[in-house]
Amino acid sequence: MAKLQSPRGTSDLLPQDMAGHRHVINTAKTISLSFGFEEMATPIFEFTEVFARPLGETSDVVSKETYSFTDRGGEALTLRPEGTAGVVRALISAGLTQTLPQKFFYAGPMFRYERPQKGRMRQFHQIGVELLGVPGAVGDAEVITMGHMILSRLGVADKCILNINTLGDTESRLAYRQALVEYLSAFRGQLSEDSQRRLDLNPLRILDSKDEGDIALLVDAPRLDHYLNADSKAHFDAVRRYLDAAEIPAIINPRLVRGLDYYGHTTFEFITDALGAQGTVMAGGRYDGLAAMLGGGDVSGVGWAAGIERLAMLADVPPQQAVNVMMIGMSDDHMARLFTLAVSLRQQGLRVETGYAPHLGKQMKRADRIEAQQVVILGDDEAARGVAILRSMVDGAQTEVALVDLVAHLLAQHKEQ
RNA sequence: GCGGGUGUAGCUCAGUAGGUUAGAGCGCCAGAUUGUGGCUCUGGAGGCCGCCGGUUCAAAUCCGGUCACUCGCCCCA
C-alpha cells in the first residue's frame, strides 16, 4: 500500500476526475452567463471575522469545522468553509453596493474539518451563484430556475427533487420561533440530546431532526406557515407562481430550515437519494440580513451553492476529445518532419499525439491504447518517395499520402466527421 | 466529536482449526511477430499481507493500539 497519500479528506483530481469536475463548472458557467451572472472569484482565505460574524457561534461550521490559523503577521485567518460570505464581503469591499443589482457566479475549493464520507471531503469544491440587491420574488425564482437548468443540462435534474420552504420575514420568523420554543419547552426532557441543545441555540433546526421521538413531538407543534404575515405569504406565493410558470416541479417541505439568522423567506434544496446520506445536491435561500452583518448596509441577497464532486458523480460527462492522429517517425529526422505538420493540425483544432520512440510496434500499441483514430508513419522508404503512411486504427486500412498534402488531407477528413 | 464495516500485487479480490519460498484474474513488461496495434500463446517483473506492539516454538491469520478508507449520526454541498 502506498505510504505517501494526500491528507485526510483531500483527494487528487486525476484526468478522469478532472473531466467531470470541469464539465460541471463549464456547464454551470455557461448557463449562469445566459442569465447574466458573470464569473468572479474571491480569496480562499479571509479574515476569520468574515465567517465568524455572520455564521455565528451557533453554527457548527464555524465553531468546530473551520481551518483557522494566524499568519506570520499575526492576522486571524480562516480557509473559507462556504462561498457566500466572501462574495458579499467582496461586494462591499469594491463599493458595488452602490450599483445594484450585482450577479455573480463562482467556482472553487472550500474547506471544512469534518469526518469524510462519500461526497463529503475536507477540501471540496462548489459552484455557486449570488444575486445581490433584488428583494423581490422574481430574484428567488430566477436563481432557482438557473439552478434547475444547470442540473438539467448535467443530466441530474430528474434524479433530484426540489424542496422549497419559506422562513418568512424577520417579524414572522421571530414570532414563530417564540411560539415553537414555548411549545417545545414543555417537552424539553423528551427531546433528543441534540434537540435540547438546539432549543437554546437554534430552535428552528429542531424541525429537521431525524430523531423519531422529536418527529413525534413535532406533529402537534405550531406551524411556521401559520405565523407568516401578509408580506411573507405574498412573497412565497409569488415565488411559487414563477416556478409554476417555469414548469419546475417542487414540493413544499415545511421542515426545510436554515439555522442562520440572516436567512429569511425562501429556502430550497435539490435533493437526491442516489448519494446516501449526502443527498443535498444544491442548496440555497434568501439572505437579506447578511450584508448588514458584515457592515455593508441593507442589501438583499439570494443564491445557492452546489458541490461539484456530488454533481460530477451524478452527471453524464461527455468524453474528452478523441486522439485524432498519432505521429510516428522512425528516426529523429523523420519525427522532426512530422513535428512541423503536427503543429499545423493542432492549430486547426485536432488532437495530435507524438510518438516518443522510434519503435513502431511499441508506438502502435500505444496508439491503440490511447484510442488514436489514425496514425501517420514516416520511415526511410516513405521519406525517400516524399510520402507517409496513413493508417486507420479503426479498420486497419492503410494508404500513402504525399507529405505536402498530408495536413490538408487530414483536415478534410476531420471536417467530414 | 460518536457508532458499525473494511485494509493482502497498479486494479478487483482469494487465502484463518496459526505451520516451508503468499495466490488468481485483469493490467504492465518481454518474446513468438528484428517497420505495423487489437486476438492467441510463452515467459517475466511487481507484496515489510496498512503501521506499531502483544500472545506463541511459529502470525497475513489471534489480541490491543494506531492510521486510512467506507457506511450511519452530528453537520452540511
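Per chain, numbering begins at 1; letters A, B, ... match sequence-line order.
- Partner assigned to B:C62 is B:G54, using Watson-Crick or G-U wobble distances below 3.5 angstrom.
- Across the protein-nucleic acid pair, A:D12 atom CG and B:A68 atom P stand 16 Å apart, rounded to whole Å.
- For the residue pair A:S232/A:D169, the side-chain donor-acceptor check at 3.5 Å is satisfied.
- Nearest heavy atoms, A:L294 versus A:V50: CD2-O, 3.7 Å.
- Here the separation of B:A9 from B:G15, taken at their P atoms, is 15 Å to the nearest Å.
- As rounded to whole Å, 9 Å separates atom P of B:U36 from atom CE of A:M364.
- A:R120 has no side-chain polar atom (N or O) that falls below the 4.0 Å cut-off from OP1 or OP2 of B:C71.
- Nucleotides B:A58 and B:U42, compared at atom C1', are 39 Å apart to the nearest Å.
- In this structure, B:G23 and B:C13 make a Watson-Crick or G-U wobble pair, each of the two defining distances being under 3.5 angstrom.
- Closest to the side chain of A:D368, from the set B:U70, B:G37, B:C76, is B:G37.
- Scanning atom types as modelled, no donor and acceptor separated by under 3.5 angstrom connect the side chain of A:R115 and the base of B:G1.
- Among the nucleotides B:C75, B:G38, B:U70, the one closest to any side-chain atom of A:P116 is B:U70.
- Projected onto RNA chain B by closest heavy-atom contact, A:A306 and A:P7 fall at different nucleotides, the more 5' of which corresponds to A:P7.
- For B:G37, neither phosphate oxygen OP1 nor OP2 lies less than 4.0 angstrom from any side-chain nitrogen or oxygen of A:R369.
- Rounded to a whole Å, the CD atom of A:Q363 is 12 Å from the P atom of B:C29.
- Residue A:A283 is classed as a sugar-phosphate contact, given heavy-atom separations below 4.0 Å to backbone atoms only.
- The cationic atom of A:R122 (NZ for Lys, CZ for Arg) lies less than 6.0 Å from the six-membered ring centre of A:Y113 and within 45° of the ring axis.
- A distance of about 33 Å separates the P atoms of B:G47 and B:U36, rounded to the whole Å.
- In the interface, the side chain of A:E382 is paired with the base of B:G35 through a donor and an acceptor atom under 3.5 Å apart.
- B:U56 and B:U66: their C1' atoms are spaced 23 Å apart (whole Å).
- For A:R112 against B:C76, no side-chain N or O and base N or O form a donor-acceptor pair under 3.5 Å.
- Here the nucleotide nearest the side chain of A:Q398, chosen from B:U36, B:C29, B:C73, is B:U36.
- We find that CE of A:M121 is positioned 17 Å from P of B:A77, with the value rounded to whole Å.
- B:G38: no Watson-Crick or G-U partner with both key distances under 3.5 Å is found in any strand.
- Side-chain contact between A:Y242 and A:I248 is absent, with no heavy atoms from C-beta onward closer than 4.5 Å.
- The shortest heavy-atom contact between A:G119 and A:R310 is O-NE, 2.8 Å.
- Taking atom C1' on both B:U8 and B:G3, the two are 27 Å apart, rounded to the nearest angstrom.
- Partner assigned to B:C69 is B:G5, using Watson-Crick or G-U wobble distances below 3.5 angstrom.
- Residue A:Q117 is in base contact, counting any heavy-atom pair closer than 4.0 Å across all strands shown.
- With P as the reference atom, B:A60 and B:G53 are 14 Å apart, rounded to whole Å.
- Distance CE (A:M327) to C1' (B:U36): 17 Å, rounded to an integer number of Å.
- Using a 4.0 Å heavy-atom criterion, one finds that A:R310 contacts the bases of the nucleic acid, with or without backbone contacts as well.
- Comparing B:C74, B:C69, B:U36 by their closest approach to the side chain of A:I389 singles out B:U36.
- Remark: P of B:U33 and NZ of A:K365 are 15 Å apart, rounded to the nearest angstrom.
- When distances are taken from the side chain of A:R8 to each of B:G35, B:A68, B:A77, the shortest belongs to B:A68.
- Contact annotation for A:G396: base contact, defined as any heavy-atom pair under 4.0 Å involving a base atom.
- The CG atom of A:L360 sits 4 Å away from the C1' atom of B:U36 (whole-angstrom rounding).
- Residue contacts shown for A:G9 are limited to sugar-phosphate atoms, with no base heavy atom under 4.0 Å away.
- RNA chain B is contacted by both A:K362 and A:F124; A:K362 maps to the nucleotide lying nearer its 5′ end (nearest heavy atom per residue).
- Here the nucleotide nearest the side chain of A:I377, chosen from B:A68, B:C74, B:U36, is B:U36.
- Comparing the same atom, C1', in B:G64 and in B:G25 gives a spacing of 36 Å after rounding to whole Å.
- In this structure, A:M313 reaches neither bases nor backbone, as no heavy-atom distance under 4.0 Å exists between it and the strands shown.
- Under 3.5 Å, the side chains of A:Q373 and A:N324 contain a donor-acceptor pair of N or O atoms.
- By the 4.5 Å heavy-atom criterion applied to side chains, A:H265 and A:L167 are not counted as neighbours.
- Nucleotides B:U61 and B:G7 are separated by 14 Å at their C1' atoms, to the nearest Å.
- Nucleic acid contact class of A:V375 (heavy atoms, under 4.0 Å, all strands): none.
- Protein atom CG of A:L338 is 17 Å distant from nucleotide atom P of B:G35, rounded to whole Å.
- Residues A:V375 and A:M364 are in side-chain contact: their nearest non-hydrogen atoms beyond the backbone lie under 4.5 Å apart.
- Checked by atom type, the side-chain pair A:Q413/A:Q374 shows a donor-acceptor distance below 3.5 Å.
- Counting any heavy atom pair closer than 4.0 Å across all strands shown, A:V394 reaches a base atom.
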